[in-house]
Amino acid sequence: MLKNTQTRAFHVMAKPSGSVCNLNCSYCFYLEKEVYYQQHNIMSDNVLETYVRSYIESTYPEDEVAFTWQGGEPALAGLAFYKKAVSLQQKYGAGRKISNSFQTNGILLNDAWCQFFSDNDFLIGLSLEGPAAIHDKYRLTKSGKPTHHRVMRALALLQKYKVKYNVLTCVNRHSAQYPLEIYHFLRDAGVEFIQFIPVVERLADDDALQAGLKLHAPGGDGSRVTPWTVLPADYGHFLISVFEEWRKRDVGSIFVMNIEWAFARFINAPGAVCHHQPTCGRSVIVEHNGDIYACDHYVYPQHRLGNIMGATLAEMIDSAGQVKFGTDKYNSLPRQCRQCRVLQACQGGCPKHRFMRSKEGEPGLNYLCEGFQLYFNHLPRWLKAMTDLIASGRPASDIMHADLIHINSASKK
């Protein structure tokens, strides 16, 4: 029996089927992790039970235990796997607040899956890039066939069974040219919660190639980005276009997480995503065999913390190496970032993307810096206006019905 060691709030993302997927998305960074696990198996009953128990035991009683299931494609583990997981959560939860989220490409979802999600209050993250012409450019089956129509069927099923869901939309070099087409498509499809994820990958250097990888591991400077990597300024303009459309007609009815996170940072409230927090290291990965890694983007041997069968989650997360991994995010910020007017909002971004050099030649500048500058410099006057509206007892959605000058004037009376 592993000892019961608790630690402050943290999060685990489980990959019960590892990197195995039924799609072959060109820009996926996780598919190639198969080089580290030559024999992929679904997470065993023993590993699953140990994981569920350790996760619950490593959190304080007042903290929610948020289980997140990802891949690869987590549905490949089968519906029976998740029924067993829920049963184990009930066994070890002892009345604790427990939640489940499940990130999927939607291809395998059917009535049985969606009924289960509805019955057990799962939150589903569905990958959908927008209209078919945009979605099907990169999100194809192993045989190269389009998937958009199958994902839309999954979306309809989630809506039919009233499953809680959000849509995860990757922004690549191609799709970044169509912000309003994507946003309008998702809105018209009835999607209320949207998250835009920038696609940033580098081509493998010699060391990565020798390890059997096609993509560059985090760390180091420069290197060529992949052809599908979004251009920094394009990402910033994409988010601004979405924001402008949202603030004119959808405040209060559509929730774009990139805006929610920025608002949280603006008012210094909880809720911002990890890459816009000053430090990280509290979100780890459990692979199908129980291996624990520092982060979803750092599943490499040098960032393996141990295995769930031999140590508690709390012990691994609080280890000296993982603590340093988290604080390095702040400690390694170049001077350009520390003096930046949008540091409060940006916080340097994800460490994986910090492979550029600053104007002074220091390492650690985020590849997306130009985009973040555009976006976070555009927002403050509008975030301030919404904050003032709320402070005066009015809904933030009133920003859609009056110009900014009138709103600011009214909020100061």
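What you are looking at is a predicted structure, and each value in this text was computed from that prediction instead of being measured. FYI, the numbering just counts along the sequence from 1.
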Trainee: Less than 6.0 angstrom separating the ring centers of Y82 and F102, yes or no?
Mentor: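 They qualify: ring centres under 6.0 Å apart.
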Trainee: I'd like to know if the side chain of R153 and the backbone of L109 have a donor-acceptor N/O pair within less than 3.5 Å.
Mentor: yes
Trainee: For a 4.5 angstrom cut-off between non-hydrogen side-chain atoms, does I182 reach P131?
Mentor: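 A side-chain contact exists here, since the closest heavy-atom pair is under 4.5 Å.
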Trainee: Is there a ring pair (Phe, Tyr, Trp, His ring centres under 6.0 Å) between F185 and H148? Walk through the geometry before answering.
Mentor: CA-CA 13 Å; F185 177 85; H148 186 265; 5.5 Å; yes
Trainee: Please report the interatomic distance NZ(K160) to OG(S118), rounded to the nearest 0.5 Å.
Mentor: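 Output value for this atom pair is 11.5 Å.
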Trainee: Using the side-chain hydrogen bond (donor to acceptor under 3.5 Å, both in side chains) definition, which of the options S283, S101, S99 pairs with T68?
Mentor: S101
Trainee: Taking atom types as modelled, find out whether S332 and R354 have a side-chain donor-acceptor pair closer than 3.5 angstrom.
Mentor: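 A donor-acceptor contact under 3.5 Å links the two side chains.
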Trainee: Does NZ or CZ of R139 lie under 6.0 Å from the centre of the six-membered ring of Y27, at an angle within 45° of the ring axis?
Mentor: no
Trainee: Tell me if a side-chain donor or acceptor on N366 pairs with a main-chain N or O of G348 at a distance below 3.5 Å.
Mentor: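 Yes, because the side chain of N366 sits within donor-acceptor range (under 3.5 Å) of the backbone of G348.
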Trainee: When you compare the side chains of Y161 and D119, does any donor N or O come within less than 3.5 Å of an acceptor on the partner?
Mentor: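 Checked: Y161/D119 side chains show no N/O donor-acceptor pair below 3.5 Å.
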Trainee: Evaluate the side-chain proximity of P351 to H297: yes if any heavy-atom separation is below 4.5 Å, no if none is.
Mentor: no
Trainee: Might you work through the side-chain contact (heavy atoms from CB on, under 4.5 Å) test for R338 and Y330, ending with a clear yes or no?
Mentor: CA-CA 9 Å; R338 295 175 187 274; Y330 176 80; 3.6 Å; yes
Trainee: Starting at CG of L126, measure out to CD1 of I194 and round the result to the nearest 0.5 Å.
Mentor: 12.0 Å
Trainee: With a 3.5 Å distance limit and no angle check, can you tell me whether D205 reaches the backbone of A208 through a side-chain donor-acceptor pair?
Mentor: yes
Trainee: Report, as yes or no, whether the 6.0 Å neighbourhood of atom NZ on K142 holds more than 12 heavy atoms from other residues, nucleotides or ligands.
Mentor: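 Counting neighbours around NZ of K142, more than 12 heavy atoms of other residues, nucleotides or ligands fall under 6.0 Å, so yes.
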Trainee: Please test Y293 against Y298 for ring pair (Phe, Tyr, Trp, His ring centres under 6.0 Å), starting from the C-alpha separation and ending with a verdict.
Mentor: CA-CA 7 Å; Y293 289 90; Y298 284 76; over 10 Å; no
Trainee: Ignoring hydrogens and geometry, is there a side-chain-to-backbone donor-acceptor pair from R249 to M400 under 3.5 Å?
Mentor: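 Answer holds: no.
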Trainee: What I want to check is whether the side chains of Q159 and Y165 have a donor and an acceptor closer together than 3.5 Å.
Mentor: yes
Trainee: Is any side-chain heavy atom of N172 closer than 4.5 Å to one of V230?
Mentor: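 Answer no - side chains too far apart.
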Trainee: What about F10 and Y55, are their ring centers closer than 6.0 Å?
Mentor: yes
Trainee: Do you know which two heavy atoms are closest between P334 and P363, and how far apart they sit?
Mentor: CB-O, 3.8 Å
Trainee: For E73 and T104, does a side-chain donor sit closer than 3.5 Å to a side-chain acceptor?
Mentor: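 Checked: E73/T104 side chains pair up, N/O donor to acceptor below 3.5 Å.
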Trainee: In this structure, are over 12 heavy atoms from other groups packed under 6.0 Å from R96 atom CZ?
Mentor: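 Above 12, so yes.
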Trainee: Evaluate the side-chain proximity of Q277 to Q347: yes if any heavy-atom separation is below 4.5 Å, no if none is.
Mentor: no
Trainee: Quick one: are Y30 and K15 in side-chain contact, heavy atoms under 4.5 Å?
Mentor: yes
Trainee: Spell out, as yes or no, whether a donor-acceptor pair under 3.5 Å connects the side chain of E129 to the backbone of C170.
Mentor: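 Present.
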Trainee: Is there side-chain contact between L128 and H135, with at least one heavy-atom pair below 4.5 Å?
Mentor: yes
Trainee: May I have the step-by-step check of side-chain contact (heavy atoms from CB on, under 4.5 Å) for Q336 and C369, ending in yes or no?
Mentor: CA-CA 10 Å; Q336 181 177 329; C369 177; 4.3 Å; yes
Trainee: So does L389 get a backbone contact from the side chain of R394, meaning a donor-acceptor N/O pair under 3.5 Å?
Mentor: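 No, because the side chain of R394 does not come within donor-acceptor range (under 3.5 Å) of the backbone of L389.
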Trainee: Check step by step if side-chain contact (heavy atoms from CB on, under 4.5 Å) holds for V225 and L203.
Mentor: CA-CA 6 Å; V225 296; L203 295 171; over 6 Å; no
Trainee: Looking at every heavy atom in both Q6 and A314, which two are closest together, and how far apart are they?
Mentor: C-CB, 4.1 Å
Trainee: When you measure from the side chain of N110 to the backbone N and O of A112, does any donor-acceptor pair fall under 3.5 Å?
Mentor: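 Yes, the answer is positive, given that a donor and an acceptor are paired below the 3.5 Å cut-off.
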Trainee: Heavy atoms only: give me the nearest P146-T141 pair and the separation to one decimal.
Mentor: O-CG2, 4.5 Å
Trainee: Do N377 and V342 have side chains that get closer than 4.5 Å, going by heavy atoms?
Mentor: yes
Trainee: Does the side chain of N258 come under 3.5 Å of the side chain of Y375 through a donor N or O and an acceptor N or O?
Mentor: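 No, Y375 and N258 have no side-chain donor paired with an acceptor closer than 3.5 Å.
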Trainee: Is there a donor-acceptor contact under 3.5 Å linking the side chains of Y92 and E49?
Mentor: yes
Trainee: Heavy atoms only: give me the nearest H276-C346 pair and the separation to one decimal.
Mentor: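 Nearest heavy atoms, H276 then C346: ND1-O, 2.9 Å.
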Trainee: Calculate, to the nearest 0.5 Å, the distance between atoms CH2 and CD1 belonging to W246 and I399 respectively.
Mentor: 7.5 Å
Trainee: Could you tell me if the ring centre of F372 sits under 6.0 Å from that of H275?
Mentor: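 Not under 6.0 Å, so no.
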Trainee: Got Q195 and N166 here, is their nearest side-chain heavy-atom distance under 4.5 Å?
Mentor: no
Trainee: Which pair of non-hydrogen atoms, one from Y367 and one from M356, has the smallest distance, and what is that distance?
Mentor: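 What the structure gives for the nearest pair is CA-CG, 3.6 Å.
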Trainee: Applying side-chain contact (heavy atoms from CB on, under 4.5 Å) to L157 and D111, what does each step give before you reach the verdict?
Mentor: CA-CA 7 Å; L157 283 170; D111 290 271; 3.8 Å; yes
Trainee: Could you measure the distance from the CD atom of E201 to the OG1 atom of T229? Nearest 0.5 Å is fine.
Mentor: 6.5 Å
Trainee: What is the minimum heavy-atom distance between L215 and C28, and which atoms define it?
Mentor: CD1-O, 4.1 Å
Trainee: Apply salt bridge (charged side-chain N to carboxylate O under 4.0 Å, His left out) to residues D234 and R173 and explain how you reach the verdict.
Mentor: CA-CA 8 Å; D234 286 354; R173 190 167 303 187; over 6 Å; no
Trainee: Compute the centroid of each ring, for F196 and then for F238, and state whether the two points are separated by less than 6.0 Å.
Mentor: yes
Trainee: Out of curiosity, H378 NE2 to L383 CG, how far, rounded to the nearest 0.5 Å?
Mentor: 9.5 Å
Trainee: Is it the case that the side chain of D63 and the backbone of R8 share a donor-acceptor pair, with hydrogens and angles ignored and the cut-off at 3.5 Å?
Mentor: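 No, D63 side chain to R8 backbone: no donor-acceptor pair under 3.5 Å.
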Trainee: Examine K33 relative to Y36 and say whether NZ or CZ is less than 6.0 Å from the centre of the six-membered ring and inside a 45° cone about the ring axis.
Mentor: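 Checked: cation-pi criterion not met.
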Trainee: Taking T147 for the side chain and R150 for the main chain, is one N or O donor matched with an acceptor at less than 3.5 Å?
Mentor: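 Pair absent, no side-chain N/O of T147 close to backbone of R150.
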Trainee: For the CD1 atom of I107 and the CG atom of L23, what is their distance to the nearest 0.5 Å?
Mentor: 5.0 Å
Trainee: With a 6.0 Å cut-off on the ring centroids, do Y51 and F67 count as close?
Mentor: yes
Trainee: Which pairs pass side-chain hydrogen bond (donor to acceptor under 3.5 Å, both in side chains) with one or both residues in residues 317-329, sequence neighbours excluded?
Mentor: T7-D318, R282-D318, K324-D328
Trainee: Quick one: do the Q70 and Q103 side chains pair a donor with an acceptor below 3.5 Å?
Mentor: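 A donor-acceptor contact under 3.5 Å links the two side chains.
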Trainee: If we ignore angles and hydrogens, is there a donor and acceptor under 3.5 Å between the side chains of N100 and Q89?
Mentor: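 Q89 and N100 do have a side-chain donor-acceptor pair below 3.5 Å.
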